[in-house]
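The structure displayed is predicted, hence computed values, not measured ones. All chains are named by letter (A, B, ...) in the order of the sequence lines, taking the proteins before the strands, and each is independently numbered beginning at 1.
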There are 2 protein chains.
Amino acid sequence: MASVNASYSPALAATYLPLYRQIKRLIVAGLESGEWRPGDAIPSEVELATRFGVSQGTVRKAIDELASANLLVRRQGKGTYVATHSEPHAQFRFLRLRPLDGNSQQPETTLIECRKIRASSEAARALGLKSGEGVIMLRRLLALGGVSTVMDEISLPASIFKGLSANRINNYQGSLYNFFEAEFGTRMIRADERIRAVLAGATIAKWLGIDAGVPILCVDRVTFTYGDRPVEFCRGFYRTDQHYYANTLF
Amino acid sequence: MASVNASYSPALAATYLPLYRQIKRLIVAGLESGEWRPGDAIPSEVELATRFGVSQGTVRKAIDELASANLLVRRQGKGTYVATHSEPHAQFRFLRLRPLDGNSQQPETTLIECRKIRASSEAARALGLKSGEGVIMLRRLLALGGVSTVMDEISLPASIFKGLSANRINNYQGSLYNFFEAEFGTRMIRADERIRAVLAGATIAKWLGIDAGVPILCVDRVTFTYGDRPVEFCRGFYRTDQHYYANTLF
DNA sequence: CAGTGGTCTAGACCACTCT
DNA sequence: GAGTGGTCTAGACCACTGC
């Protein structure tokens, strides 16, 4: 079998990568390039094995890691698919609010504002932009179980989300992340959140239907796409009188 | 090879478990029973394979899953070890506060109180105890970078933590979870946290050196040991003026 | 029935650690 | 050098899906 590592030697240890990790990169490259789009089936394990000139077990191990990172989804008997934000499983992946009692209900989103502005210093730093570069700013109100619970402000690099408008968002069926991957080919893979407790200011209190001075969560999120590139900065304010932020530590 | 599934038939599908999952259970049983204690090396893959009458690859897959669940730690060339809370990697696994600027510093813990009481209704529900059963209650103050940042109250089933005393805690070197696993054989595996924003009351404000009415995080944690059995309920109050709660969403 | 992913085996060789 | 985990292969058979 033609091994990509035929030239391996201890002196090159820094550049050594196991075969299955190289395969992993090749698959990710296919995802990034759009060769396989969200929802598509990728080629079968045996086909990928012959294409890359490795055994099925090696492809399998690569796919295993990509599946556990939620980039791919395996379906026994059918094939392996590119993960999507439209799967029910993914609905509450990036909104970790759960009701204090009762069952989670589908959030209802209202778009309040959508315009192009210059990035705030915080957004610029989070997105790796130069201070003052253009971003598209969205403000939304999210209601859970009929109660306005989250007010957030999203900053997106204008260079990536060219042509984004309130109309296009409102006409789209499905979640915002679903919209991004379907219309802009940008899939959100991972997010880092920073949570603090703050007091509601007058404006936010009004939107959330609470008194100013009530304690709320301030959640700053940076969301990453393939290759750990940041593509969204979101600051959300969460009421926690009827919901809590859920987290599991492993 | 003598397969445990020799009797498998479609009618028994509900009871079917792949071999490697059965091996996984056998290994977890060894961990629960104390056959291998935290920090110990478990037998090598080939030894386990012959002991259980399966191939090395099957044992390997079982260990892979246990390692990714942080129950075991693999060390190439040395062996596979039972995970411990004393590893540097585990230090901030259950305390997700990070400084707004600067580097994380080792927390300094002060034990304020340690006594046996009857479980609060919340603690009883979280721990699966009957209302009013005995629990040991600890109150602690945690300082990060010299600043009192967390005040928490821990409830532990008295039946499991017999003989726990303030003296024993204070005389122990290392973290509380380290103490639990070393002295009581109870290892914390996983935790569920629920986060809300609240206002600091007079008592907590005093301990944390802030004004009453300042917004803080209220973090309720239920911690589980092997077999998803809850063994700790902890309510913590976090100042977030110099730190934030960090979380990564996958 | 063909094609897919899921499990399991047996054996080879590599990389790392300790003696 | 012996022993450990890490990678890779080749092939067998099972479970599930859809035609």
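In terms of phosphate contacts, A:Thr58 brings a side-chain nitrogen or oxygen within less than 4.0 Å of OP1 or OP2 of D:dT9. Close to D:dG18, at under 4.0 Å from its OP1 or OP2, lies a side-chain N or O of A:Lys78. OP1 or OP2 of C:dT4 lies within a sub-4.0 Å distance of a side-chain N or O belonging to A:Ser44.
The A:Val46 side chain lies nearest to C:dT4 when the options are D:dG5, C:dT7, C:dT4. Which of C:dT7, D:dC8, D:dT9 sits closest to the side chain of B:Tyr16 comes down to C:dT7. Closest to the side chain of A:Arg74, from the set D:dT7, C:dT9, C:dG5, is C:dG5. Checking C:dC8, C:dG5, D:dC8 against the side-chain heavy atoms of B:Ser55 singles out C:dC8 as nearest.
Between the CD atom of A:Gln56 and the C1' atom of D:dT7 there is a distance of 16 Å, given to the nearest Å. As rounded to whole Å, 11 Å separates atom P of C:dT7 from atom NZ of B:Lys24. C:dG5 atom P lies 8 Å from atom CD1 of A:Ile42, rounded to whole Å. Rounded to whole angstrom, the span from the OH atom of A:Tyr20 across to the P atom of C:dA15 amounts to 14 Å. Look at CD1 on B:Ile23: it is 20 Å from P on C:dG6, rounded to the nearest Å. With rounding to whole Å, B:Leu19 atom CG is found 16 Å from D:dC13 atom P. Atoms CG (B:Asp64) and P (D:dT7) sit 9 Å apart, rounded to a whole Å. Taking atom CD1 on B:Ile63 and atom P on D:dG5, their separation rounds to 7 Å, with Å as the unit.
For B:Arg221 and B:Phe233, the positive end is not near the middle of the six-membered ring at less than 6.0 Å and at most 45° from its axis.
When atom types are taken as modelled, the side chain of B:Arg187 and the backbone of B:Ala83 share a donor-acceptor pair closer than 3.5 angstrom.
The residue A:Arg75 sits close only to the backbone: its heavy atoms come under 4.0 Å of sugar-phosphate atoms, none of a base. B:Gln76 comes within 4.0 angstrom of a nucleotide base, judged by non-hydrogen atoms across all strands.
Using a 4.0 Å cut-off between a side-chain N of Lys or Arg and a carboxylate O of Asp or Glu, B:Arg51 and B:Glu35 qualify as a salt bridge. Here B:Glu65 pairs with B:Arg21 in a salt bridge; the nearest charged N to carboxylate O distance falls below 4.0 Å. Between A:Arg140 and A:Asp152 there is a salt bridge, since a side-chain N of the basic residue sits under 4.0 Å from a carboxylate O of the acidic one.
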